[in-house]
Student: 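A single structure is presented below for examination.
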Amino acid sequence: MRAHPLLLVAIALLLACSSSSDEDEVREESCQVAEGASAPDFLKHLGCQGDFAALASEPLDTSIPGARSVKVVLDRFDGDTLYFQNSQKYSIHYAFTSANLSGNGRPVVGSLADFNQTEYTSPDRRFLLGAVTWYEGPGVWALELAPYDSASAALMAQLYEAIRAQTWFGPALVFHPTSQAVAAEAKNLPSSVTVMTTDALFAAIDYQPLNLATSVGRLRFLEAEELATTYVSFRDIVVLNVVPNDISVVLGIITEEFQTPLSHVNVLSQNRKTPNMGLRSAMTDPRLRALDGQWVRLTVGAFDWSIEAVTSEEADAFWEEHKPQPVQLPAPDVSVTDLRDIEDVVVEGTGSLRDAIKAAVPAFGGKAAHYSVMARTEGLPIRKAFAIPAAYYVQFMERNGFYARVDALLADAEFQSKPEVRDARLKELRDDMEVAPVDAAFQQRLKDKLAADYPGLSMRFRTSTNSEDLEGFPCAGCYESHTGDAGDWEDVLDAIRETWASIWLFRTFEERSYSSIDHKSVVMALLVHHNFPDEEANGVALTANPYDPSGVEPGFYVNVQAGGDAEVVHPPPGITSDQFIYGFHQPGLPITYLSRSNLVRDGETVLTSAQVYELGKALDAIHERFSPAYGPKAGNDGWYAMDVEFKFDGEPGETPRVVIKQARPHPGRGQ
């Protein structure tokens, strides 16, 4: 929902701490672009909101939502002439300058590589480059340089004053440092330049779009802690005070607390293709409270959101039209019974990589299949591992009568109609699975394998089903893995049975029901390797920049936390992590930090620069390795990223090194 532009400009004046004198008032002037006219390649003066809108595009860095940018170029060769470039036609400065400011009596603009090496770093550069960004939420006009720009404070001030003089919003303009390096130099700016930090900008934003989509459901308000005792329906849209660690299937999520792109609830929303947003003061927002308990249509857009009441008939019609198409899982292959070294799980031959992965899933599941591809990727650091095929899960279920139990549950009308009954009966099933006998011949095979290849090690038994980490049904976090100490055989059996039993978790059962999946078609293989008992850091990453779906500003998104119990996707209340964009393919550019961990000392980061580079090499290798399966090399022209989990681990006295835990195709940001 957009506020009136004049109101937003007034807010900008307050936030920018501008003078309240008459000469500092923001007044629109004569527009340079007539209403309805085509936008020119550039303007030298912005006289009104229409001029800005004609040239503006979504900024390259959209980590702060609700923003539009116009790139600016000040040509020092040509009498400090200022250009507001058509940022829709020319997405980067180089494209504009090479087309409009090269030759014909001017110096020739050379190659892109030469341009990047000089125009962002040289004190004698020809151009001063930046962008004017309008942050709609807080109502702020901000001059921003590239995070890696090494301009001096004098050059920053020169560009700032030129823009102030040539824009109707000049009195409200602030300078927003986009990186630590820019912020350090900005401390030397004269007092005439108003500086506004990212923290101040972010604190002033009340809306955070996470997954862009529209849903129709019944609006419900809940405290996150109520989710442990309150059942929600997949016809509900829920408003929550804080980000929950988990939630059953719902048609939309609004959290009062802002989220991270790889928070568990956001990944779930992306999997489900349902709207997800952050909204400050959501629990008391009058627009939402007025609709509590009603059927509503919620739309989460890149720049604004909307909600409106609908009739129950409209809600039913929307559900019938938009309910998920039934997901057909790969049929299980129970003919495979060997405990297979991970390198041999996926067999690449003359067909495509995607086909090779799909061929391995029926016996070994998605997680083991992707791990197998990584195991055969040169230089990629992963744990030595093997896979227990799904045949042993099926054997366990059949011999102990659990499939018959499932049939009885699915035929029970009370089980189908009442969530509290489903929850209780599924727990009874899991409890019985966790103490049921395991085939003796399988146990002996496993003992022999562990004794021969993993003597004396505690082992992690990780879920690898035919219903997770798939391209069409990622089901991230659906199942639970467990650790067993080979020195205590009952501990190993407990770990295996508990992992198998997680197929029948209530939230996982609901997730499958939402997608009309045949519950008995799900089978679980196990990916097995030495666990990480005392890792120094844990994290998640995307092998592309989620804040730049255009691909113009490539980078890796990383969310990492210091070792311990504070996971990055399930952070305890009040705990923050390091989040940053790493331009791995642009050497020398500083890292752009979006947030900092409060579990390390002030001024420090979770990872050293050497560790960030080490991680970058691994992410780059993963991105390229899986491109023939899911990315451009497979004909996918859309935004492509692999969702990666990693650890930094090392023996006492050693420098912790990166170890990749898993990789799966990321489902995207929505719309």
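The basis for the numbers below is simple: all heavy atoms, side chains too, and nothing from hydrogens, waters or symmetry mates. Predicted, not measured: the structure shown is a model, and the values here were computed from it.
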Student: Using the salt bridge (Lys or Arg N to Asp or Glu O under 4.0 Å) rule, take Arg425 and Glu414 through it: C-alpha gap first, then chi angles, then the decisive distance, then the call.
Tutor: CA-CA 11 Å; Arg425 300 281 173 80; Glu414 189 178 40; 3.8 Å; yes
Student: Return yes if a side-chain donor-acceptor contact under 3.5 Å exists between Ser597 and Gln561, otherwise no.
Tutor: yes
Student: Would Asp355 and Lys358 satisfy salt bridge (Lys or Arg N to Asp or Glu O under 4.0 Å), going step by step from the backbone distance to the final call?
Tutor: CA-CA 5 Å; Asp355 287 342; Lys358 287 182 176 179; 5.1 Å; no
Student: Test Arg272 against Glu511 for salt bridge (Lys or Arg N to Asp or Glu O under 4.0 Å), laying out the working first.
Tutor: CA-CA 9 Å; Arg272 301 164 183 163; Glu511 196 81 45; 2.9 Å; yes
Student: On the ring face of Tyr207, is Arg280 found with NZ or CZ under 6.0 Å from the centre and within 45° of the axis?
Tutor: no
Student: Is a donor from one side chain sitting under 3.5 angstrom from an acceptor on the other, for Asn241 and Glu256?
Tutor: no
Student: Using the ring pair (Phe, Tyr, Trp, His ring centres under 6.0 Å) criterion, which residues pair with Phe461? Sequence neighbours excluded.
Tutor: none
Student: Does the ring centre of His666 sit less than 6.0 Å away from the ring centre of Tyr640?
Tutor: no
Student: For residues Pro362 and Ala390, report the shortest heavy-atom separation together with the two atoms involved.
Tutor: O-CB, 4.4 Å
Student: Begin with the C-alpha distance, continue with both residues' side-chain angles, and end with the deciding distance and a verdict on salt bridge (Lys or Arg N to Asp or Glu O under 4.0 Å) for Glu510 and Arg422.
Tutor: CA-CA 9 Å; Glu510 299 295 282; Arg422 286 198 299 279; 2.9 Å; yes
Student: Could you tell me if Arg218 sits above the aromatic ring of Trp295, with its cationic atom closer than 6.0 Å to the ring centre and no more than 45 degrees from the axis?
Tutor: yes
Student: Provide the full list of ring-ring contact (aromatic ring centres under 6.0 Å, His included) pairs with a residue in residues 268-288, sequence neighbours left out, each pair given once.
Tutor: none
Student: Can you check whether Phe415 and Phe509 have ring centres sitting under 6.0 Å from each other?
Tutor: yes
Student: Side chains of His482 and Arg462 only: does a donor on one sit below 3.5 Å from an acceptor on the other?
Tutor: no
Student: Is the backbone N or O of Thr311 less than 3.5 Å from a side-chain atom of Glu314, with the two atoms forming a donor-acceptor pair by type?
Tutor: yes
Student: Less than 4.5 Å apart, side chain to side chain, heavy atoms only: is that true for Thr274 and Val250?
Tutor: no
Student: Are Phe234 and Trp319 close enough that their ring centers fall under 6.0 Å?
Tutor: yes
Student: Counting only N and O atoms by type, is there a donor-acceptor contact under 3.5 Å from the side chain of Thr255 to the main-chain atoms of Val243?
Tutor: no
Student: May I ask you to decide whether Arg235 forms a salt bridge with Asp316, counting only side-chain N to carboxylate O separations under 4.0 Å?
Tutor: yes
Student: Can you find a side-chain donor-acceptor pair between Thr197 and His176 that sits under 3.5 Å?
Tutor: no
Student: I'd like to know if the side chain of Ser464 reaches the main chain of Lys367, judged simply by a donor and an acceptor atom lying under 3.5 Å from each other, with no hydrogens or angles considered.
Tutor: yes
Student: Are the side chains of Thr463 and Trp500 in touch, meaning some heavy atoms are under 4.5 Å apart?
Tutor: no
Student: Start with the C-alpha distance between Arg596 and Gln579, add both sets of side-chain angles, then the distance that settles side-chain hydrogen bond (donor to acceptor under 3.5 Å, both in side chains), and finish with yes or no.
Tutor: CA-CA 7 Å; Arg596 298 284 190 165; Gln579 293 183 66; over 6 Å; no
Student: To the nearest 0.5 Å, what is the distance between CG (Asp518) and OG (Ser467)?
Tutor: 11.0 Å
Student: Would Phe364 and His370 satisfy ring-ring contact (aromatic ring centres under 6.0 Å, His included), going step by step from the backbone distance to the final call?
Tutor: CA-CA 10 Å; Phe364 293 106; His370 290 118; over 10 Å; no
Student: Are the side chains of Phe584 and Leu615 in contact, using a 4.5 Å heavy-atom criterion?
Tutor: no
Student: So, taking the atom named CD1 in Ile575 and the one named CG in Asn598, what distance separates them when rounded to the nearest 0.5 Å?
Tutor: 5.0 Å
Student: Where is the tightest heavy-atom contact between Phe258 and Ile205, given as atom of each residue plus distance?
Tutor: CZ-O, 3.6 Å
Student: Look at Glu480 together with Arg507 and state whether they make a salt bridge at an N to O cut-off of under 4.0 Å.
Tutor: yes
Student: Please tell me if the side chains of Val659 and Arg383 come closer than 4.5 Å, counting only heavy atoms from C-beta onward.
Tutor: yes
Student: Can you find a pair of side-chain heavy atoms, one from Pro326 and one from Ile517, that are under 4.5 Å apart?
Tutor: no
Student: Under 4.5 Å between any side-chain heavy atoms of Glu624 and Lys633, yes or no?
Tutor: yes
Student: Under a 3.5 Å threshold, yes or no: a donor from one side chain and an acceptor from the other, between Asp236 and Ser233?
Tutor: no
Student: For Gln328, I'd like to know if atom CD has over 12 heavy atoms of other residues, nucleotides or ligands within 6.0 Å.
Tutor: no
Student: Hey, are Thr133 and Glu144 close enough side-chain-wise for a donor-acceptor pair under 3.5 Å?
Tutor: yes
Student: Could you tell me whether the side chain of Ile254 reaches within less than 4.5 Å of the side chain of Val238, counting heavy atoms only?
Tutor: no
Student: Are the side chains of Thr499 and Met524 in contact, using a 4.5 Å heavy-atom criterion?
Tutor: yes
Student: May I ask you to establish whether Arg512 and Trp504 are in a cation-pi arrangement, using a distance under 6.0 Å from NZ or CZ to the six-membered ring centre and at most 45° from the ring axis?
Tutor: yes
Student: For Gly539, is there any backbone N or O sitting under 3.5 Å from a side-chain donor or acceptor partner on Glu645?
Tutor: no
Student: Do the side chain of Asn636 and the main chain of Tyr630 share a donor and acceptor less than 3.5 angstrom apart?
Tutor: yes
Student: Under 3.5 Å, is there a donor-acceptor pair between the side chain of Glu308 and the main chain of Val296?
Tutor: no
Student: Does the separation of the ring centres of Phe506 and Tyr231 fall below 6.0 angstrom?
Tutor: yes
Student: Does the side chain of Gln270 come under 3.5 Å of the side chain of Asn276 through a donor N or O and an acceptor N or O?
Tutor: no
Student: Which residue is it: Ile237, Thr299, Asp285, Leu219? I am looking for the one with a side-chain contact (heavy atoms from CB on, under 4.5 Å) to Ile307.
Tutor: Leu219
Student: Checking side-chain polar atoms at under 3.5 Å, does Thr465 have a donor or acceptor matched by the opposite partner on Tyr393?
Tutor: no
